[in-house]
Amino acid sequence: MISKDKFDKIKGFKNDDSDLICKIEEYLTHEYCYTDINNIYKSIDEVKEAIKSTNNHDNTVFYSFFNCEIDIGKPVINIDRSEFDGKVDLSTTNVYYAGGKYDAKLKVYREISEGYTKYLEGKEKAAFILDISAISSFPLWNTLMRRKMMSIAEVIQDTSIENLTPEKLHKIIKESVPIKYINEEKYDIDTLICIIQAIAEKVPIEVYLVNEGKTSENIHLINEIKKFVCALSLDKAQRYDYIYDTVCKDMDEMFSVYGFCNFKENKCVSQRHKNLFNMYPVPKTDGCCFKVVRKCEHNNKDGTCKVKCLPCKLFTCPYLGKISIGIRTSELILLRSFFNNKQKRISLYKFYNSKEILLKKIINEK
């Protein structure tokens, strides 16, 4: 993303901004791997062979998310993308995030999705064949954070190496605007979510995933879809437990791998840049300002947590939030698909609670 000569110069600054650029570069260039290779194919021909080899699809309805008709040796109902896109203006990001336009979009999508359940009459199960290149990964991949990072990297790349100073770098990080989302000629991810949920409420489902490109973006999207399908296969109690644990694990991995908090000598980056906007206290031992702001009963002496508190996992301090570091609930497929607005608010704001207490609150808001 950033040329080697500029990257080397930035690393030479040896300050918090240069540390952040190193983390951004690592985040943007990370190569994703499949978490599970089952039911992933290189072409529709491979899918056709897989279906032919199992011989147990006589009572199966096949649905496809492809931009063209496909031949699998059996009748296929292709999801009509225009039927969804034609009802909603997808040109702005606010139809993808919490708010009136997003809620209105989901209402339309769910009504259309119900129409596809009519094909289930007399059938015992459904199978979906997904062309990953035909499905938009926004905002699961192009999160606000990723778009901000990409903007920072592009501005750095457009800045001459002579003008690249610590002061200039700080200004770039602070003032760069997240890259604007450009509507793609692809299936909206919410189309897939709504259709599959509507069908899964009626019959068991299975999913075949076609990925020719094998880019990190495609692999990430497949991993997210597999989490979604796994959650659908579970009963209510198991589903919420799975969602909770999976999201906690994903957030732990993101912050532990990339270390955006950038602790040094028991201070995080926010505490090293205190101002009127950021008045978090600086603890003397382990860098955990929460144990000073409020005595959390779940803190171990070393600052680690005794319980999985989802809001604490999702929390990003205002200092990092100002530069869009962090993940929003709508950017995680499990919370996007299964949590309503009240459940999302619990997941974001009910700090200092155990998993058991939070799950009870979340389930009660269903």
Side-chain angles (χ1 to χ4, degrees), residues 61 63-70 76-120 126 128-148 150 177-202 205 207 209-210 217-218 220-222 224-225 227-229 231-232 324 327-345 366:
V61 180
Y63 297 89
S64 74
F65 284 82
F66 267 75
N67 286 329
C68 60
E69 292 186 3
I70 60 172
V76 180
I77 298 157
N78 190 62
I79 306 301
D80 184 358
R81 181 161 60 85
S82 65
E83 189 176 5
F84 290 83
D85 294 356
K87 299 287 178 66
V88 180
D89 178 10
L90 299 176
S91 61
T92 58
T93 57
N94 56 6
V95 295
Y96 295 92
Y97 288 98
K101 291 191 175 181
Y102 176 61
D103 291 341
K105 180 184 79 168
L106 290 186
K107 182 179 179 181
V108 172
Y109 280 14
R110 285 166 181 160
E111 289 173 355
I112 298 172
S113 298
E114 280 301 314
Y116 282 93
T117 64
K118 66 184 180 184
Y119 301 103
L120 296 172
F128 291 90
I129 306 171
L130 313 180
D131 176 11
I132 291 301
S133 67
I135 299 167
S136 174
S137 63
F138 184 84
L140 306 180
W141 173 260
N142 286 312
T143 61
L144 182 64
M145 178 172 72
R146 184 178 293 275
R147 289 185 287 121
K148 169 75 173 184
M150 291 172 65
V177 177
I179 291 175
K180 186 178 179 181
Y181 167 68
I182 299 175
N183 186 29
E184 305 167 284
E185 292 298 316
K186 295 184 177 184
Y187 289 98
D188 179 358
I189 188 65
D190 290 318
T191 302
L192 179 141
I193 290 170
C194 289
I195 288 264
I196 294 181
Q197 281 182 327
I199 301 300
E201 287 178 1
K202 310 287 185 182
I205 66 164
V207 176
L209 300 140
V210 179
E217 180 176 353
N218 285 358
H220 175 74
L221 180 56
I222 285 175
E224 291 294 287
I225 291 172
K227 293 174 191 173
F228 168 64
V229 173
L232 277 174
S324 301
I327 298 295
R328 301 167 75 175
T329 56
S330 296
E331 295 168 343
L332 298 164
I333 196 167
L334 293 175
L335 301 188
R336 186 182 189 88
S337 305
F338 297 105
F339 279 27
N340 58 36
N341 290 333
K342 288 183 179 179
Q343 291 171 319
K344 288 176 183 176
R345 282 194 288 271
K366 182 61 179 174

Listed by chain and number, what are the ring pair (Phe, Tyr, Trp, His ring centres under 6.0 Å) partners of [X], not counting sequence neighbours?
X: Y102; result: none
X: Y96; result: F138, Y181
X: F338; result: F228
X: Y116; result: none

Residues in salt bridge (Lys or Arg N to Asp or Glu O under 4.0 Å) with [X], at least two apart?
X: E331; value: none
X: D188; value: K105
X: E201; value: none
X: K186; value: E184

- Task: Could you name each residue pair satisfying side-chain hydrogen bond (donor to acceptor under 3.5 Å, both in side chains) that touches residues 332-342, not counting sequence neighbours?
- Result: D190-R336
- So which heavy atom on M150 is nearest to which on I179, and how close? CB-CD1, 3.4 Å
- Any donor-acceptor N/O pair, Y119 side chain to Y63 backbone, under 3.5 Å: no
- Message: Quick check on side chain to side chain contact (heavy atoms under 4.5 Å, CB included): which of L221, T191, N67 does I135 satisfy it with?
- Response: L221
- Message: Tell me which pairs pass salt bridge (charged side-chain N to carboxylate O under 4.0 Å, His left out) where either residue lies in residues 85-103, with sequence neighbours left out.
- Response: R81-D85
- Message: Can you pull out every salt bridge (charged side-chain N to carboxylate O under 4.0 Å, His left out) where at least one residue sits in residues 107-116? Sequence neighbours excluded, please.
- Response: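 Listed by first then second residue: nothing to list.
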- Output the distance between atom CE (M145) and atom CD1 (I327), rounded to the nearest 0.5 Å.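 One finds 4.0 Å between CE of M145 and CD1 of I327.
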- Message: If the condition is side-chain hydrogen bond (donor to acceptor under 3.5 Å, both in side chains), which residues does N94 pass it with, not counting sequence neighbours?
- Response: T92
